[in-house]
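Remarks on the structure that follows.
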Amino acid sequence: MPDAQPETDEFILEREYASPRDSVWRAWTEPDLLARWYKPNPSCETAVLHFDLKPGGVLRYQMKFGESQFHFERWEFVAIESPSRLQFRQTLTDADDNLMGNPRMPDWPQWMLTTIELEPTDDGTLQRLRWKPYEATEAELVCFRNASAHLDQGWAAGFDSLEKFLAG
């Protein structure tokens, strides 16, 4: 029997932070701040290689796990509405910024569209992540749907890191 498919091809995750919206916005849009918290675990080191925050601009970064494992990514900014909305396309690359697929999931979407929405609340800021395949093939959509039950693990770890960073 095939796995049940979700109704949507979009993953949404929300988190409220006890910090003003401007602080959360700066954490996403200032390269030195982003490098300090944007990581899946405390032992990872993130380095921002290039950062041009404007529509059509690019962010490139690397994550270093131990001495020999590296992860490179590219974000292409689509929309920047300070301090409430940041949207970018993201993809994996090699060290030379050549696009590459996910080595562990060959049918993972080549491009993802990421939207970060920030809303002020009485106690701080509500952050909403919207993440969905961008110009994906049917095989990529199926891969995304099948992985959707586990997407909150990676993003939640990053949100935990951001929460600790903002509290520090």
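Computation of the quantities below employed the complete heavy-atom set of this structure, encompassing side-chain atoms and omitting hydrogens, waters and symmetry-equivalent molecules.
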Give the minimum heavy-atom separation between Pro120 and Arg21, together with the two atoms involved.
-> CD-NH1, 3.6 Å
When rounded to the nearest 0.5 angstrom, what distance separates CD in Glu16 from CG in Asp122?
-> 8.5 Å
Closest approach of Ala147 and Met105, non-hydrogen atoms and distance?
-> CB-CE, 3.9 Å
Would you name the heavy atoms of Ala136 and Glu140 that are closest together and state the gap between them?
-> CA-OE1, 3.1 Å
Leu166 to Ser19 - nearest heavy-atom pair and separation | CB-OG, 3.4 Å
So Phe165 and Leu33, side chain to side chain contact (heavy atoms under 4.5 Å, CB included) or not? Walk me through it.
-> CA-CA 9 Å; Phe165 171 76; Leu33 301 182; 3.7 Å; yes
Is the backbone N or O of Gly66 less than 3.5 Å from a side-chain atom of Gln69, with the two atoms forming a donor-acceptor pair by type?
-> no
Does a side-chain heavy-atom distance below 4.5 Å link Glu119 with Thr125?
-> no
Atom CG of Leu118 and atom CD1 of Ile116: how far apart are they, to the nearest 0.5 Å?
-> 7.5 Å
Hey, are the side chains of Lys64 and Cys44 touching, using non-hydrogen atoms and a 4.5 Å cut-off?
-> no
Measure the shortest side-chain to side-chain distance between Pro55 and Phe77 over non-hydrogen atoms and say whether it is less than 4.5 angstrom.
-> no
Lys39 side, atom NZ; Asp160 side, atom CG - distance, nearest 0.5 Å = 13.5 Å
Quick one: are Val48 and Leu59 in side-chain contact, heavy atoms under 4.5 Å?
-> yes
Knowing that exactly one of Arg85, Gln87, Gln127, Arg128 qualifies, which makes a side chain to side chain donor-acceptor pair (under 3.5 Å) with Glu117?
-> Arg128
Does CZ in Arg36 sit with more than 12 non-hydrogen atoms of other residues, nucleotides or ligands closer than 6.0 Å?
-> no
Ring centres of Trp75 and Phe88 under 6.0 Å apart?
-> yes
From CA spacing to verdict: side chain to side chain contact (heavy atoms under 4.5 Å, CB included), Gln153, Leu151 | CA-CA 5 Å; Gln153 295 172 7; Leu151 295 177; over 6 Å; no
Should Leu86 and Val58 be regarded as members of a common hydrophobic cluster, given that ILVMFWY residues are connected when their side-chain heavy atoms come within less than 4.5 Å of each other, either directly or indirectly?
-> no
Report the C-alpha distance between Asp97 and Arg60 in whole Å, list the side-chain angles of each, state the deciding distance to 0.1 Å, and finish with yes or no for side chain to side chain contact (heavy atoms under 4.5 Å, CB included).
-> CA-CA 8 Å; Asp97 198 33; Arg60 290 183 47 241; 3.2 Å; yes
Connected via hydrophobic side-chain network under 4.5 Å: Trp108 and Trp111 | no
So, Asp94 side chain and Asn98 main chain: donor-acceptor pair closer than 3.5 Å or not?
-> yes
Glu73 side chain to Tyr61 side chain, donor-acceptor N/O pair below 3.5 angstrom | yes
Would you name the heavy atoms of Ser82 and Trp25 that are closest together and state the gap between them?
-> OG-NE1, 3.3 Å
Using a distance-only test with no angle check, is there a side-chain donor-acceptor pair under 3.5 angstrom linking Trp131 and Gln90?
-> yes
Is there a donor-acceptor contact under 3.5 Å from the side chain of Arg130 to the main chain of Ile12?
-> no
Check whether any side-chain heavy atom of Met112 sits under 4.5 Å from a side-chain heavy atom of Phe144, and report yes or no.
-> yes
With distance as the sole criterion, is a donor-acceptor pair present between the side chains of Thr121 and Asp123 under 3.5 Å?
-> no
Is there a ring-ring contact (aromatic ring centres under 6.0 Å, His included) between Trp28 and Trp37 once you walk through the steps?
-> CA-CA 9 Å; Trp28 277 100; Trp37 73 266; 5.0 Å; yes
Just how far is it from atom CG of Leu99 to atom OG1 of Thr93, taken to the nearest 0.5 Å?
-> 7.5 Å
Using the rule that two of Ile, Leu, Val, Met, Phe, Trp, Tyr join whenever any of their side-chain heavy atoms come within less than 4.5 Å, decide whether Tyr38 and Leu49 are in one cluster.
-> no
Going hydrophobic residue to hydrophobic residue with side-chain gaps under 4.5 angstrom, can you get from Leu129 over to Val78?
-> no
About how many Å separate CG of Asp9 and OG of Ser148, when rounded to the nearest 0.5 Å?
-> 9.0 Å
Ile80 vs Leu53 side-chain heavy atoms within contact, under 4.5 Å | yes
Aromatic centroids of Phe70 and Phe65 separated by under 6.0 Å | no
Can you hop from Phe51 to Leu92 via hydrophobic side chains spaced under 4.5 Å?
-> no
Within 6.0 Å of NZ in Lys132, more than 12 heavy atoms from elsewhere = no
Do Asp22 and Val24 come close enough that some side-chain heavy atom pair is under 4.5 Å?
-> no
Can you find a heavy atom in the side chain of Tyr17 that is under 4.5 Å from one in the side chain of Leu162?
-> yes
Going from OG1 on Thr115 to CD on Glu81, what distance comes out if it is rounded to the nearest 0.5 angstrom?
-> 9.5 Å
